[in-house]
Amino acid sequence: MPPVPSPTVRTRFAPSPTGFMHLGSARTALFNWLAARHAGGEMLLRIEDTDAERSQPEVIDMILGTLEWLGIDWDGEVVYQSQRAADHGAAVDSLFADGKAYWCACSRDDVDLRHKERGGKPGYDGFCRDRGLAAGADRVVRFRSPADGDTVIDDVIRGEVRFANADIEDFVIRRSNGSAMFITANAVDDIFMGITHIVRGEDLLPATPKIVLLRESLHAVDRPTFAHLPLIVNEKRQKLSKRRDDVALESYRDRGFLPEAMVNYLATLGWGPPDGVEVRPIAEIIGLFELSSVTKSSAFFDVKKLESFNGDHIRNLSAADFVSRTLPFVRTALLPVGADPASFDPAAFEAMAPLVQERVKRLDEAPDFVDFLYHDPAMDPDAWAKTMEKDADLARRMLDAAIDLLGALAVWEPVAINDAVIGFADANEISRKKAQGPIRVAITGRAVGPPLWEAMAVLGREVSLDRLGLARASVG
RNA sequence: GCCCCCAUCGUCUAGCGGCCUAGGACACCACCCUCUCAAGGUGGCGGCACGGGUUCGAAUCCCGUUGGGGGUGCCA
């Protein structure tokens, strides 16, 4: 196939479909995208689906959907590695023609056994290197790696990294079933796609000299710029893993993290803006981002800090945007299971939304701020004990006063409610904080929540007075 | 074992030989504001892993030690 002409910067994101978007993959995608967009270049998308069973369409759709959710777009058509087998095969043939490849009949067990016997360097020992074997059913093709010299990688982030060729074993480039190995497909496709900047995780650094050797042997004219990103690690400073860590992007989305916050926070893992302003729109990050200023050391994924970013981005939302994004969370949490979503009346939530918006760190926290507007309060035992039993006298006084004063109010509005309750508290030298406690618990069932007077205004006088009366009766 | 990478507050980072008695952010603590909780404001706690060099001068350069991590598949 003819080579594709390249812009100054063309990056690619090359995930293998695994069923969800891994946090580390998302960060890699983001940095590839930032590098491309900053330079006015392109970012291509390649699905590395050489494992046949992994290429189910729904699995791939999930990755594309999550990228879209994050706001990471790509240029051109998606390249599917599974459809590029012919090119991969041709590349192996060309290596054969140049004497850079040979057939090998050794099984994994053979290789391991011989290593055990001889000790020393691990890996393949070149047993079939000069045997002149022909193609065979259970034979693989190996790359003939140079016996001496160094392969040097010039990495924008790490500088010069040197590998002795003698340490690079004759690796497999074609499986016995005829398909290309990851390393082969990867190198061939990057050449084909005209990738100028290979941006990926540091875990792939040890495989890079093989890529370079392969490219050289395939007569690739342009040398790509490599950038190996620091790993994102857990609290034990290990690479994030599917098994033990919470790495699925989709699960963060489902917990009410905003894509704006997600990409913003991810961008600070391994990179920092020169002016030190961390929370900011992605457009500004594109302008400031530099691959060369990416950090070298691994970064801990701190959910606490992510939540802080998320809270900031939530507060930056317009009121209407906050409502529309939060409504699904409120609806599913407050509606009985199986109920028709359309049967949910968003009015009460919408009325309280601005007050909720400045209080949540995640969208999924919103239901707890308005649930009492939709059904009788679920009484929190600790809150009840603290406000109603610990000082029952005060509870009785405040509840009686509230029922009395609020029942006589001319207008049912937050200011009027406030003046009545606070006026009573001040006149009787009761601290305002203590005064509202029993009323809040009676109305909401909790000791903390959104501003009470507004909540009562939304609830309505009748229901509010009912709840106060019910609580008063329970206090005795 | 072998190869490779990394090393500034608990965490993410700024720093790229003198501006550093090391700056910011998250977290934590205190106070202010306040109908609770948040938000906001003010202040506080807290770090250059260690040892050698180089230099008039080192968080910044070099070497070593220690520590951490990654890789070592007919996975990607």
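Letters go in sequence order (proteins before strands), and every chain restarts at 1. Side chains included, hydrogens not; waters and symmetry mates left out as well; all remaining heavy atoms used. Everything numeric in this text was worked out from a predicted model, so none of it was measured.
- Side chain of A:Arg396 to main chain of A:Arg472: no donor-acceptor pair is present (N/O by atom type, distance under 3.5 Å, no hydrogens or angles).
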Going 5' to 3' along nucleotides 42-50 of chain B, which nucleotides have protein heavy atoms under 4.0 Å from the base (write B), which only from the sugar-phosphate (write S), and which from neither (write -)?
---------
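- The gap from the P atom of B:G47 to that of B:C5 amounts to 31 Å, rounded to the nearest Å.
- Considering only residues two or more places apart in sequence or on other chains, A:Phe349 meets the ring-ring contact (aromatic ring centres under 6.0 Å, His included) condition with none of them.
- For B:A7, the base has no donor-acceptor partner in the side chain of A:Lys296 [N/O atoms by modelled type, under 3.5 angstrom].
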Under 3.5 Å, which donor-acceptor pairs do the side chains of residues 446-459 of chain A form with other protein atoms, sequence neighbours left out?
unit_1	atom_1	unit_2	atom_2	d
A:Arg446	NH1	A:Asp368	O	2.9
A:Arg446	NH1	A:Asp371	OD1	3.2
A:Arg446	NH2	A:Asp371	OD2	2.7
A:Trp453	NE1	A:Asn418	OD1	2.8

Where along nucleotides 68-74 of chain B does protein come under 4.0 Å, by heavy atom, of base (B) or sugar-phosphate alone (S), with - for untouched nucleotides?
-SBS-SB
Which side-chain N or O atoms in residues 133-143 of chain A pair as donor and acceptor under 3.5 Å with protein atoms at least two apart or in another chain?
unit_1	atom_1	unit_2	atom_2	d
A:Arg139	NH1	A:Ala134	O	2.8
A:Arg142	NH1	A:Asp170	O	2.7

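- For residues 348-366 of chain A, proximity to RNA chain B is found at A:Glu358, A:Arg359, defined as any non-hydrogen atom under 4.0 angstrom from a strand atom.
- Residues that satisfy the ring-ring contact (aromatic ring centres under 6.0 Å, His included) test with A:Tyr80, not counting sequence neighbours, are absent from this structure.
- A search for ring-ring contact (aromatic ring centres under 6.0 Å, His included) contacts involving A:Phe300 returns nothing, not counting sequence neighbours.
- Under the rule for a side chain to side chain donor-acceptor pair (under 3.5 Å), A:His197 has no partner lying at least two apart in sequence or in another chain.
- Within the structure, no pair that satisfies the salt bridge (charged side-chain N to carboxylate O under 4.0 Å, His left out) test touches residues 224-235 of chain A, not counting sequence neighbours.
- Between A:Gly449 and A:Val161, the residue anchored nearer the 5' end of RNA chain B, judged by the nucleotide with its closest heavy atom, is A:Val161.
- Taking only side-chain atoms of A:Phe300, from C-beta outward, the nucleotide of B:C35, B:U11, B:G24 with the closest atom is B:U11.
- Applying the ring-ring contact (aromatic ring centres under 6.0 Å, His included) test to A:Tyr252 and every residue at least two apart in sequence or in another chain returns A:Phe257, A:Phe301.
- Pairs engaging residues 266-282 of chain A under the side-chain hydrogen bond (donor to acceptor under 3.5 Å, both in side chains) rule: A:Trp271-A:Ser293, A:Asp275-A:Arg280, A:Glu278-A:Lys305, A:Arg280-A:Glu284 [sequence neighbours left out].
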